[in-house]
Amino acid sequence: MPELPEVETVRRGLEPHVVGLSIEDVWVGDSKILQVEAQRLTQDVLGQTIQGLSRRGKYLLFELDSHYLIFHFGMTGQLTFRDPNRPDCQGFRRHPVTGLQRALQHAPDRHTHLLIRFRQGGAVLFRDIRKFGKVFLIEKGEDVLSAFFGGLGLEPFTPAYNLPAFLKRFRNRKLAIKSLLLNQAFVAGIGNIYADEALFNAGIHPSRKIRSIRIVERERLFKAITQVLKRGIEYGGTSFRDFVNSDGEAGSHQEKLMVYGRQGESCHRCGTLIQKIVIGQRSSSFCSTCQPRGGPQPGLCIGSRHEAAKVPP
DNA sequence: AACCTTCCCTGATGGC
DNA sequence: TGCCATCAGGGAAGGT
């Protein structure tokens with residue numbers, strides 16, 4: 001599921017391919033994913049040049065001459081570059097060892113819903129099996145982006161993501177901390193995988209009420225969030241099922257996960273079996289020893305937490 | 001206002 | 001072999 005690190009991976013992979021190219025043709029498959037009328041999309045972007053690629057939370061932005069073309073990947077969205085000088089992969093294959101789907105460069109198929117072809121050659125394909133993804137088109141203008149992203153919270157890796165701002169958004173509610181992390185109005189870009197990983201790094205049980213989280217724990221969470229996101233980007237994103245980068249290749253961060261998807265396996269730090277529960281309709285994996293339900297236990301040395309954590313082989 | 005549930009959608013998987 | 005139920009979940013919308 002593309003979260004901040006996966007979207008950033010796509011952005012970085014796509015950027016050198018597409019910046020400077022001008023749009024020659026647009027083809028729409030299932031227009032359900034479009035948040036703009038297909039005809040208007042085609043009409044408005046034809047002939048425009050891609051000025052740059054940026055990201056806000058889980059959104060990927062194509063800056064055009066007069067518009068922003070904005071993608072959200074939902075659960076299974078894939079955005080790949082199709083290079084005319086490279087052969088297409090025949091169909092979709094499963095990786096023999098990891099079982100992950102490896103699409104590589106591909107021709108449009110029944111799940112391809114948008115294709116943007118460039119005058120200089122090549123195309124960008126948006127493919128989305130479950131169709132939870134969305135494509136937006138907004139005209140440039142004063143503050144259009146701040147209006148569009150008005151509901152989004154702090155952006156990690158920017159000056160806006162600072163401890164005072166983070167603590168300020170920590171309202172003392174009854175909600176589980178896990179649910180707060182999934183709320184894009186709190187910190188933008190965190191999804192189920194990185195929420196679980198950040199809570200593990202911070203030593204916080206996902207079910208704990210927001211108001212019960214102590215200041216020192218909030219500070220640990222503040223650091224843990226950027227730690228896990230950074231690590232996700234370093235390993236090219238997490239490919240649990242469908243995620244592929246702009247070249248159609250899987251990421252490798254799934255091999256580095258500490259808790260997500262590891263229920264029944266032993267904790268890399270302490271050996272306790274990882275548990276899975278449901279919080280707010282979302283699965284949550286955690287280690288009951290490293291993330292005690294009652295909060296920090298007297299005598300537990302929190303400071304050594306990160307040093308003690310072994311990286312999966 | 002805060003919080004919870006339902007819905008959208010397809011493919012993989014397991015039971016029978 | 002097929003058939004059906006279940007699960008995965010981001011975010012919007014509707015309900016309490």
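Chain naming here is simple, since letters A, B, ... match the order of the sequence lines and numbering starts at 1 in each. As a basis for the values below, the full set of heavy atoms in this structure was taken, side chains included, without hydrogen atoms, waters or symmetry mates.
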For this session: Taking only Lys NZ, Arg NE, NH1 and NH2, and the carboxylate oxygens of Asp or Glu, determine whether A:E6 and A:K58 approach each other closer than 4.0 Å.
Result: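 Salt bridge: no.
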Exercise. Would A:E265 and A:R262 pass as an ion pair if we require N to O under 4.0 Å?
Worked result: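 Answer for the salt bridge query: yes.
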Exercise. Toward the 5' end of DNA chain B, which comes first, A:R282 or A:S179, by nearest nucleotide?
Worked result: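 Mapping each residue to its closest nucleotide by heavy atoms, the 5'-most match is A:S179.
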For this session: Would you please test A:Y161 and A:F222 for ring pair (Phe, Tyr, Trp, His ring centres under 6.0 Å) and show each step?
Result: CA-CA 9 Å; A:Y161 189 82; A:F222 171 75; 4.6 Å; yes
Rounded off to whole Å, could you give me the [atom1]-to-[atom2] distance for the [X] and [N] pair?
X      : N      : atom1 : atom2 : answer
A:M75  : C:dG11 : CE    : P     : 11 Å
A:K209 : B:dC3  : NZ    : C1'   : 11 Å
A:N192 : C:dG11 : CG    : C1'   : 13 Å
A:F170 : B:dA2  : CZ    : P     : 16 Å
A:I193 : C:dA8  : CD1   : P     : 13 Å
A:H111 : B:dA12 : NE2   : P     : 8 Å
A:F73  : C:dG11 : CZ    : P     : 13 Å
A:R110 : B:dC9  : CZ    : C1'   : 12 Å

Exercise. Reckon A:R130 has a side-chain N or O less than 4.0 Å from the OP1 or OP2 of C:dA8?
Worked result: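 Checking A:R130 against C:dA8: no side-chain N or O falls below 4.0 Å of OP1 or OP2.
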Problem set entry | Presence of A:R173 side-chain N/O under 4.0 Å of B:dC3 phosphate oxygens OP1/OP2 |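 Checking B:dC3 against A:R173, a side-chain N or O does come within under 4.0 Å of OP1 or OP2.
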Any idea which of [options] is nearest the [X] side chain?
X      : options               : result
A:R171 : B:dA2, B:dT10, C:dA12 : B:dA2
A:K32  : C:dA12, B:dC3, B:dC9  : B:dC9
A:K174 : C:dG10, C:dA8, B:dC3  : B:dC3
A:Q281 : B:dT10, C:dG10, B:dT5 : B:dT5
A:I129 : C:dG11, B:dG11, B:dC9 : B:dG11
A:Y59  : C:dA12, C:dA8, C:dG10 : C:dA12

May I ask you to say what [X] touches in the nucleic acid, namely base, sugar-phosphate or nothing, with a heavy-atom cut-off under 4.0 Å?
X      : value
A:F136 : nothing
A:K134 : nothing
A:T76  : nothing

For this session: Would you check if A:I204 and A:F286 make a side-chain contact, meaning some heavy-atom pair closer than 4.5 Å?
Result: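 With C-beta onward as the side chain, the pair stays apart.
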Exercise. Would A:F73 and A:Y59 count as a close aromatic pair, with their ring centres under 6.0 Å?
Worked result: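 No, ring centres 6.0 Å or more apart.
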